[in-house]
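A short write-up of the structure that comes next.
In this text, all values refer to a predicted model and were calculated from it rather than measured experimentally. Below, read A as the first sequence line, B as the second, and so on, with proteins coming before strands; counting in each chain starts at 1.
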Amino acid sequence: MSERYEHDPIELKWQKRWEEAHCNEAKTDYTKPKFYGLIEFPYPSGQGLHVGHPRPFTAMDVICRKRRLEGYNVLFPMGYDAFGLPTENYAIKTGIHPAKVTETNIARFRAQLKRLGYSFDWSREISTADPEYYKWTQWIFLKLYEHGLAYKAEIPINFCTSCKVGLANEEVVDGVCERCGGQVIQMVRSQWMLKITEYAQKLIDDLDKVDYIERVKTQQRNWIGRSEGAEVDFIIANTDDKLTVYTTRPDTLFGATYMVISPEHPYIDKYKGRIANWDAVAKYREEAAHKSDFERGELNKEKTGVVLEGVSAINPVTKKEIPIWVSDYVLMSYGTGAIMAVPAHDTRDYEFAKTFNLPIVEVVAGGDVSKEAYTECEHGRMVNSGFLNGMEVAEAKKAIADYLEKEGIGHRKVNYKLRDWVFARQRYWGEPIPLVKCEKCGWVPLPESELPLKLPMLDDFSPTDDGSSCLARAKDWLHTTCPHCGGPAVREADTMPNWAGSSWYFLRYTDPHNDNALASPEALKYWLPVDWYNGGMEHTTLHLLYSRFWHKFLYDIGVVPTPEPYMKRTSHGMVLGENGEKMSKSRGNVVNPDDYIKEYGADAFRMYIMFMGAFDQPIPWNTQGTKGCRKFLERVWRLQDMINDAQGVRDSVKASYHATIKKVSEDIERMKFNTAIAAIMSFVNDIYATGSITRDELRTLLILLFPFAPHIAEEINEAAKLGSPIYEAHWPEYDESALVADSVEIGVQINGKVRARIMVPANAAKEEIEKLALESADVKPFTEGKTVRKVIVVKNIVNIVVA
RNA sequence: GCGGCUGUGGUGGAACGGCAUACACAGCGGACUUAAAAUCCGCCGGCGAAAGCUUGCGAGUUCAAAUCUCGCCAGCCGCACCA
């Protein structure tokens, strides 16, 4: 009898053995076929791992372990996205330096990850907060700056009037400060921006070059939000000045009965002297400043606005004078911050016009504009539109654009919803921006030799009164000399957003200890692109887009060899709390895996996290679940006592054996881990039904199990003396011919309803199956006295159509 | 609001447009045991008297729909300074 299955000693033993064998480290042999598997590196929070982390980690571990057995040189690295807000807030509260906090948190994460038996290449571990790492983050920023992709702009931040601190959107709850409940206002600051919009078209186009799951591509396309339309100039009445709008519907220009500008639009101040109701306008603008773009975009809220009295515009085609309104549903951040309102054919304009009794002029026939806006009108014909009358919408779009361009009052324009990236935070715990402001020379980049520009060691991390980070108080650090002229200069006190370090970390893994470059060209050439990147859907629009942008830039300047960073992108569903809600500290439903690992072992935990549901779907955590997988592993453990003397694979389990190899092999590739495990379970059930197992059957079973539950697989393999350690084994192949049984049962449908099941020879011709089906005793009653109109024979079903 | 997604037994889920409920969890029964646990073997969706009906609801396409299309209803995720 084998000993009882005790997970702790077994798992610790094999973790040590693998480490000593260096079997999970990527080789620098650039002649072998390579596989680069990547998962999103974690933010090392103070709470340690929660059960959501292991889902993608285990999945990619399964894939990478399989790839190694298939003979690939595998790079499966791990690191930490270590800069961030919670660590800094914790430091403000406790006075412990964020670097210290980060170090402690990383140590905990590392220990937890190692305990789970992941086959990470620990020799390549990185942290974005490490100066050796962020040196290159700063280097990339300087390259962006050098190529004109970094610029300063006036951008509002959330500012708590009570704490005197800049707040992240997340920290603003219902318009007030999350911490103190104080009033939050929008405060405009000059901040560094990155021109991601310059890459908008490439970021859309190159989605055709990569193998991302479709919903990721769709979400990226929608986020970038390309639209084709026109910019149109409206003359401000009684001036030579013009107000430019962007519209995707220039064809409806004759229906523009008023205009709306954003509360932040510069024309409000420009025409202050002429605005008769200035007090009302100023008040409205003040109120709008307290709302986020998100709140302002809420459609179901009542439309608000105020008209500019004394300032109006001229519709360039009807020549009519139309009013200009200010409303917060128009955002300064999209288009020109001004719109022409065509209430007959836009839902928001329609509601606004109804609220304020503005004229509604139908310009596309087909709807009923007395009831609602007619927006789905691509095939409608133009009316009330002068020279456009009678045209279809598409035709009218072209005609009006030609007209605008001919008359010089507008032009075709492609617009993107994508906005440039605000690349500055008024925070301490981030990468310093390596620029200084010289009185004489303006903004001057640090020379590469001065990188990394390290964060100064401080004791007090609280921000300053004006919303700057505490770096603004580190005078010794802040005041420096200009690298250009040697005169006095001041460093940038803002730091980079945490997205910076994560935008290129996959490059560093290829050559993590390189002092001379972010990675050597040889390493980049061999390892790139990442073959398979798995991450959460929540990162689809920000992180994934930001890192594609940086990569494309680095490609354009010759630093990286591929135009796209990731060949394949898949996404896992979130692990929700037991109540079905997203796990969060505030909801109090965070589950820590430690307890489960302790009680059931890492193998059982890993199996359950893969077995619990479809990988791409969100799933609530179930405390009971791990137990079932533990029971299964014990069932596998007991196979040791069932080994017989037979050789090879017995005929009695041959079909099942080969089917299992096929199913597990294919399902891992499709990330159908739950059904792969179900197949292994079924095979074990089949083995139990025979009462014994051969050594060859067991060895194969353990190899199939190894990606999911590597420790127990190694242990049984060793204890039963089945051969070399499994990490040195080859992934098994299956015999297609062994899969087919002599005869198969197929269903017979009459008019689409299953009425019978018949046995047919496995390789029977369609005609033969049809004959057997029609002759079946169970089928006869349904066909008697009726005409058989049609018989469809497919794979494992026959459908007989009778009438 | 905008964008993405989901809806199948008591529970988690399975099902290239082709026999709905694989594999598990829970439950029930049997064997073993003085007994219990563990283990092994088996049963196990609902409604209906039955024919049958039944994959959130309602239509459609098809020889055939959980799967495709449209419309509802319900829920989840993201929305640019959380990571």
Side-chain angles (χ1 to χ4, degrees), chain A residues 40-45 81 83-86 155 157-158 166-172 191 196 214-216 218-223 225 292-301 329 333 347-348 417-422 424-427 497-499 502 536-543 545-546 571 573-574 576 580-582 584 608 611-614 616-620 622 624-625 627-629 631-632 634-635 638 672 674-675 677-682 685 688-689 691 745-757 789-802:
Chain A
E40 287 165 347
F41 60 168
Y43 174 72
S45 73
D81 192 10
F83 281 127
L85 201 57
I155 295 292
I157 60 164
N158 303 308
L167 296 176
N169 287 346
E170 193 189 51
E171 297 176 293
V172 183
Q191 305 192 74
I196 188 172
E214 207 48 47
R215 58 193 167 123
V216 168
T218 307
Q219 243 184 62
Q220 289 220 341
R221 281 195 197 99
N222 289 339
W223 184 261
S292 66
D293 280 6
F294 180 41
E295 288 171 308
R296 288 168 49 171
E298 297 272 349
L299 188 66
N300 53 2
K301 81 176 165 89
Y329 78 95
S333 51
T347 313
R348 285 175 303 183
K417 285 209 184 85
L418 182 69
R419 308 205 290 260
D420 275 340
W421 177 5
V422 183
R425 300 290 183 269
Q426 297 70 47
R427 286 283 171 172
N498 85 302
W499 304 106
S502 61
M537 279 309 285
E538 69 274 21
H539 290 121
T540 301
T541 49
L542 299 181
H543 160 67
L545 213 53
Y546 290 152
S571 225
M574 192 174 283
L576 306 170
E581 290 175 358
K582 188 176 172 177
S584 73
Y608 176 59
F611 182 63
M612 66 195 294
D616 59 354
Q617 297 300 319
I619 186 161
N622 179 344
Q624 285 296 306
K627 205 166 75 182
C629 287
K631 273 167 71 177
F632 169 70
E634 288 179 355
R635 203 165 149 84
R638 285 190 296 274
K672 301 279 185 189
N674 52 341
T675 51
I677 291 170
I680 299 174
M681 288 173 167
S682 287
N685 290 345
Y688 265 77
E745 190 187 63
I746 67 171
V748 183
Q749 297 178 326
I750 315 294
N751 290 343
K753 297 210 187 308
V754 179
R755 302 294 186 179
R757 291 160 215 278
R789 288 280 171 82
K790 199 170 171 186
V791 180
I792 295 121
V793 182
V794 284
K795 209 170 85 179
N796 53 2
I797 200 127
V798 180
N799 191 13
I800 301 168
V801 184
V802 299

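- The side chain of A/N796 places no N or O atom within less than 4.0 Å of a non-bridging phosphate oxygen (OP1 or OP2) of B/G18.
- Nearest nucleotide to the side chain of A/R635, out of B/G13, B/C41, B/G3: B/C41.
- Contact annotation: A/K631 does not reach the phosphate of B/A38 (side-chain N/O to OP1 or OP2, under 4.0 Å).
- Taking the C1' atoms as reference points, B/C73 lies 37 Å from B/C28, given to the whole Å.
- Taking the C1' atoms as reference points, B/G7 lies 16 Å from B/A14, given to the whole Å.
- With a cut-off of 3.5 Å on both Watson-Crick or G-U wobble distances, the partner of B/U21 is given as none.
- One atom, CD1 of A/I677, and another, C1' of B/C23, lie 10 Å apart when rounded to the nearest Å.
- Here A/R755 does not reach the OP1 or OP2 of B/A64: none of its side-chain N or O atoms lies under 4.0 Å away.
- For A/R425, a side-chain nitrogen or oxygen approaches OP1 or OP2 of B/C81 to under 4.0 Å.
- Regarding A/I619, its CD1 atom lies at a distance of 16 Å from the C1' atom of B/C77, rounded to whole Å.
- Judged by closest nucleotide on RNA chain B, A/N222 is the one of A/N222 and A/L542 placed further toward the 5' end.
- On the C1' atoms, B/A24 is 28 Å away from B/G17, given to the nearest whole Å.
- Atom CD in A/Q220 sits about 12 Å away from atom C1' in B/G4, given to the nearest Å.
- In this entry B/C44 has no Watson-Crick or G-U wobble partner, no candidate having both defining distances under 3.5 Å.
- Atom name C1', nucleotides B/U8 and B/G4: the rounded distance is 22 Å, in whole Å.
- Residues A/M681 and A/F611 form a side-chain contact, since some pair of their non-hydrogen atoms from C-beta on lies under 4.5 Å apart.
- If you check B/C23, B/C77, B/C41 against the side chain of A/Y688, the one that comes closest is B/C41.
- Side-chain nitrogen and oxygen atoms of A/K753 include none within less than 4.0 Å of the OP1 or OP2 phosphate oxygen of B/C63.
- Checking A/H539 against A/E40 by side-chain atom types alone, a donor-acceptor pair falls below 3.5 Å.
- Judged by Watson-Crick or G-U wobble contacts below 3.5 Å, the nucleotide B/G7 has B/C73 as its partner.
- Rounding to whole angstrom units, OH of residue A/Y43 and P of B/A83 are separated by 6 Å.
- Among the nucleotides B/A83, B/U39, B/C23, the one closest to the side chain of A/L85 is B/A83.
- Counting heavy atoms from C-beta on, the side chains of A/N222 and A/T541 never come closer than 4.5 Å.
- In the set B/A22, B/C82, B/G18, B/C82 carries the atom at the smallest distance from any side-chain atom of A/P86.
- Rounded to the nearest Å, the gap between the C1' atom of B/U21 and that of B/G12 is 13 Å.
- Among B/A80, B/C63, B/G3, the nucleotide with an atom closest to any side-chain atom of A/K417 is B/A80.
- When the nucleotides B/G4, B/C23, B/C53 are ranked by their closest atom to the side chain of A/M537, B/G4 comes out on top.
- Candidate nucleotides B/A24, B/C40, B/G18 were compared by shortest atom distance to the side chain of A/M681, and B/A24 ranks first.
- With a cut-off of 3.5 Å on both pairing distances, B/A80 has no Watson-Crick or G-U wobble partner at all.
- The listed nucleotides are B/A64, B/A26, B/A24; the one nearest the side chain of A/N685 is B/A24.
- Between A/L167 atom CG and B/A80 atom C1' the separation is 17 Å, expressed in whole Å.
- Comparing B/A14, B/C81, B/G78 against the side chain of A/N674 picks out B/A14 as the nearest.
- A residue-by-residue look at A/F632 and A/G166 shows that A/F632 has its nearest nucleotide of RNA chain B further toward the 5' end.
- Comparing B/G46 with B/G30, their C1' atoms are spaced 27 Å from each other, to the whole Å.
- When the P atom of B/A80 is taken as reference, atom CD1 of A/I196 falls 14 Å away, rounded to whole Å.
- One atom, CZ of A/R215, and another, C1' of B/G3, lie 13 Å apart when rounded to the nearest Å.
- Nucleic acid contact class of A/Q617 (heavy atoms, under 4.0 Å, all strands): sugar-phosphate only.
- Within the 4.0 Å cut-off from OP1 or OP2 of B/C40, at least one side-chain nitrogen or oxygen of A/R638 is found.
- Atom C1' of nucleotide B/G13 and atom CZ of A/F611 are separated by 8 Å, given to the nearest angstrom.
- Distance from the side chain of A/P618 is smallest to B/C76 among B/A14, B/C76, B/C63.
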